[in-house]
Amino acid sequence: MSMPGTVLDAWTARKIGLPAGALPRREDIERYQLAMLCRTLQAAKEHSPFYARRLAGIDVLRDIARLEDVRRIPFTTESDLRDSGLSMLCVPQRDVSRIVTLQTSGSAGKPKRIYFTEADQELTVDFFHCGMRVMVDESDLVLILLPCERPGSVGDLLRRGLARGGTESIPYGPLPRDDASLDAAVLDLIRARRVSALVGGPAEIARLARGGAANGVNGASVRSVLLSTEYVSDENRRTIEECWDCKVFEHYGTTESGLGGAMACHVREGYHPREADLLFEIIDPESGRPLPDGAWGEVVFTTLTRRAMPFIRYRIGDVGRWLPAPCGCGSALKRLDRIGDRAAVKKRPGA
Ligand SMILES: [Zn+2]
C-alpha cells in the first residue's frame with residue numbers, strides 16, 4: 001500500500017497539475033482553487049439563467065482576486081435548488097447523463113433534482129478510486145451495502161472506482177433499515193468469500209457485527225469498514241470495531257457535492273476535503289460571515305469542476321468546523337471535524 005496519509009495529497013497534486021511525484025503545498029492548492037472558482041463563476045453566469053441573475057452584481061475579474069473574495073458571492077440554498085433547479089443547469093439537457101431526485105420536507109414536498117454529465121460522474125469515480133486507497137488495496141474484497149443497481153448510483157460509481165485500482169467488490173445493495181432478515185445471508189457471504197472491507201450505513205453494519213458476534217461468526221476476514229450515508233454514533237463505531245477487530249473509516253459527502261466530499265486518512269480524526277473539486281467554508285449561520293478554525297458553524301461549499309450543475313456557496317445545512325491543528329498524517333489538505341456531532345442548521349428563516 002502507498003503511504004496512507006498522502007493518498008489524497010497525491011490525488012490533489014495530479015488534479016491541480018503538479019509534476020509527477022510532487023506533493024501539493026497549501027499555496028498550490030489555493031492558487032488552483034482561485035482559478036477554478038473564477039472559471040466556475042464565469043461559466044455559471046454565461047450558461048445558467050439562475051446564476052446570471054444571482055451573480056449579476058459580481059464582476060469576476062474585478063471582484064475575485066483572492067480566495068477570500070469568495071465571501072462577496074451570494075449564497076445558494078436548498079430552496080433555490082427546489083424552485084430553480086433546471087435554470088441552474090449550465091449544459092444542454094442532452095449532455096446530462098444522470099439526474100438524482102431527492103425528496104425534501106420543505107415547500108410542499110417539492111423534490112430537489114441534481115444533474116450530472118458523464119464527465120461530472122467521472123470526477124466521482126476518480127475520487128473514489130483514490131480515496132478508497134486509504135483503506136483498501138488490490139488484495140481486498142469489498143462488500144458494497146449501498147444502492148448499486150442503476151448505472152451512476154453511488155454503489156455503481158464506487159464499484160467502478162475500486163475496479164480502477166484493481167480492487168474487486170461485490171455490489172450487494174443496501175440492507176433494510178429495520179429488518180434483519182438478510183443479515184444471516186450477508187454474514188454467510190462475508191465468511192464464504194472472505195470479504196475484507198465493507199461500505200454501508202452505520203446502523204445496519206453495527207447490527208451485522210452484533211449479530212455475527214452473537215452467533216459465533218466473528219467476521220475475522222473484515223479489516224476495514226467505511227461508514228456512509230448518515231451520522232455515525234460513537235456506539236455504532238465502537239460496536240463494529242470491537243466485534244470485528246477492524247478499523248472504521250468515515251467520510252462526508254452529499255449528492256450535491258458529487259457524493260465523496262471528504263475522506264478520513266489513516267489517522268482517522270476528522271476528514272480531509274476533496275479540495276481539488278470542492279471549496280468548503282464554515283460560516284456563522286446567522287450573519288453568513290466566515291468563522292475562525294475551531295468554531296462550529298454551517299458547512300458551505302462551491303463545486304470547482306462540475307459542468308452540468310455547479311453549486312456556488314451552497315448552504316448544505318450541516319454543522320461542521322475546521323480542526324485547527326495539522327493532521328498527524330502530514331497532509332497539506334485542510335481537515336474537517338466529524339460532521340453530524342451537532343444538530344443540523346435546518347429550517348433557518350429564509351433557507
Ligand atoms: Zn490526515
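FYI, side chains are in, hydrogens and waters are out, and symmetry mates aren't considered; it's all heavy atoms of this structure. Both counts, for ligands and for their atoms, begin at 1 and track the order of listing.
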Residues pairing under side chain to side chain donor-acceptor pair (under 3.5 Å) where one sits in residues 86-96, two or more places apart or in two chains, turn out to be none
NZ/NE/NH1/NH2 to OD/OE distance under 4.0 Å, Glu78 and Arg82: yes
Ion pair Arg210/Glu242, N-O distance below 4.0 Å: no
At the Zn ion (ligand 1), what angle lies between atom SG of Cys327 and atom NE2 of His272, rounded to 10 degrees? 110°
How wide is the angle at the Zn ion (ligand 1) between SG in Cys329 and SG in Cys265, to the nearest 10°? 110°
Do the side chains of Val319 and Ile283 join up, straight or via other hydrophobic residues, at under 4.5 Å, putting them in one cluster? no
Does any N, O or S atom of His266, backbone or side chain, fall under 2.8 Å from the Zn ion (ligand 1)? no
